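Since the model is a prediction, treat every value here as computed from it, not as a measurement.
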Amino acid sequence: MTHTALIAGASGLIGGSLCQQLQAEPAFSQLTALVRRPAGLAGGKLAELQVDYAQLARTPLPQVDTVFCCLGSTIKQAGSQAAFRQVDCDYVLAMAQAARAAGARHFLVVSALGADANSPVFYNRVKGEMEAALQALDYPRLTIARPSLLLGERAEFRLGERVAAKLGWLAPARWRPIAAEQVARALLRLALAPGQGVQVLESAQLRALAES
């Protein structure tokens, strides 16, 4: 059986690594990366589809069975809490709804360690609200990945990540930083494994799966 997939957030750390791994995975025959502007990702079995996430309900999506949603920002990148919520919650839900209408049955989403709809921390609360809203949709299978601090080569300098890369091994396994390519590898393995219902994997579980 071959799979078809949509990838949102393909230009990010996890999404970019995921696209590379999916290209090399024979079980996936057709891939579509949703992009806000041309990103130079197309090639092989990967096509780009330029979309406006705010108008996604009006955008015809190709029929797929699997969706990888790696959308995510920071409050600093987004510019405000409202803009952050729009990207990390509203756009994720719009993506899930549009893809379900296009026939998707398995939605895999990158959330964050500590996600909790009742958290006093705004970032964690938004991630938790996003997870709860996804669980209210009618997906036969929902996979939620909660990585800790991501490691990888970014265009912008992030001091906290540089420090974490050097000292992260001192942290408990649950909080230890994780490489974006490991998260991508875990997502790919989860997509190919059988399953139903809602599955939540935290960072240590993702690392163990990627390394197995």
Side-chain angles (χ1 to χ4, degrees), residues 5-22 31-39 41 46-59 61-62 64 66-102 104 106-115 117 122-137 139 141-150 152 154-156 158 178 180-181 183-184 186-188 190-191 200-201 203 206:
L6 288 177
I7 307 101
S11 60
L13 280 180
I14 296 174
S17 180
L18 185 58
C19 283
Q20 293 178 353
Q21 295 182 41
L22 285 167
L31 308 168
T32 303
L34 302 188
V35 297
R36 300 183 193 183
R37 60 189 65 85
L41 299 172
L46 177 64
E48 287 187 1
L49 178 61
Q50 194 168 347
V51 299
D52 178 354
Y53 281 98
Q55 304 294 327
L56 201 56
R58 304 176 185 176
T59 305
L61 297 181
V64 296
T66 306
V67 182
F68 298 94
C69 185
C70 307
L71 290 175
S73 62
T74 63
I75 296 174
K76 182 178 179 180
Q77 285 177 323
S80 67
Q81 288 189 342
F84 170 79
R85 181 186 292 278
Q86 183 180 49
V87 174
D88 284 59
C89 186
D90 297 346
Y91 286 175
V92 173
L93 293 178
M95 170 72 178
Q97 291 165 339
R100 185 71 183 109
H106 187 186
F107 192 86
L108 301 96
V109 63
V110 177
S111 181
L113 193 66
F122 178 79
Y123 179 91
N124 292 349
R125 186 166 67 251
V126 170
K127 292 293 190 181
E129 291 172 354
M130 175 269 291
E131 291 184 7
L134 287 176
Q135 291 185 53
L137 300 180
Y139 269 90
R141 188 175 180 194
L142 171 64
T143 299
I144 298 171
R146 292 178 177 171
S148 58
L149 184 68
L150 293 174
R154 296 185 189 271
E156 75 275 16
R158 294 188 182 183
I178 185 170
E181 64 180 340
V183 180
L187 289 172
L188 177 53
L190 289 162
V200 180
L201 293 97
S203 206
L206 295 168

First locate atom CG of Leu190, then atom OG1 of Thr66, and finally report the distance between them rounded to the nearest 0.5 Å. 11.5 Å
Under a 4.5 Å cut-off applied to non-hydrogen side-chain atoms, are Val67 and Leu108 in contact? no
So, using side chain to side chain donor-acceptor pair (under 3.5 Å) as the criterion, who are the partners of Gln20 when residues are at least two apart? none
Nearest heavy-atom pair of Tyr139 and Ala99: which atoms, and what distance? OH-CB, 3.5 Å
Is there a side-chain contact between Arg100 and Leu137 (heavy atoms, below 4.5 Å)? no
Distance from Ser111 atom OG to Glu131 atom CD, nearest 0.5 Å? 3.5 Å
Answer whether the closest heavy-atom distance between the side chains of Pro147 and Val110 falls below 4.5 Å. yes
Between Gln55 and Thr59, a side-chain donor and acceptor under 3.5 Å: no
Given side chains that start at C-beta, do those of Leu61 and Leu34 come closer than 4.5 Å, heavy atoms only? yes
Using residues 83-93 as the side-chain source, report each donor-acceptor pair under 3.5 Å to any protein atom, sequence neighbours left out, with the distance given to one decimal.
residue, atom, partner, partner atom, Å
Arg85, NH1, Glu129, OE1, 2.4
Gln86, OE1, Tyr91, OH, 3.4
Asp88, OD1, Ser73, N, 3.0
Asp88, OD1, Ser73, OG, 2.8
Asp88, OD2, Ser73, N, 3.4
Asp88, OD2, Lys127, NZ, 2.7

Between the CD1 atom in Ile75 and the CZ atom in Phe122, the distance rounded to the nearest 0.5 Å is 5.5 Å
Distance check, rounded to the nearest 0.5 Å: Phe107 atom CZ versus Gln135 atom CD? 12.5 Å
Flag, side chain of Gln97 to backbone of Ala57, donor-acceptor distance under 3.5 Å: no
How far does CD1 of Ile14 sit from SG of Cys70, to the nearest 0.5 angstrom? 6.0 Å
Approximate separation, where rounding is to 0.5 Å, of Leu46 CG and Ile7 CD1: 5.5 Å
Side-chain heavy-atom pair Met95, Val109 within 4.5 angstrom cut-off: no
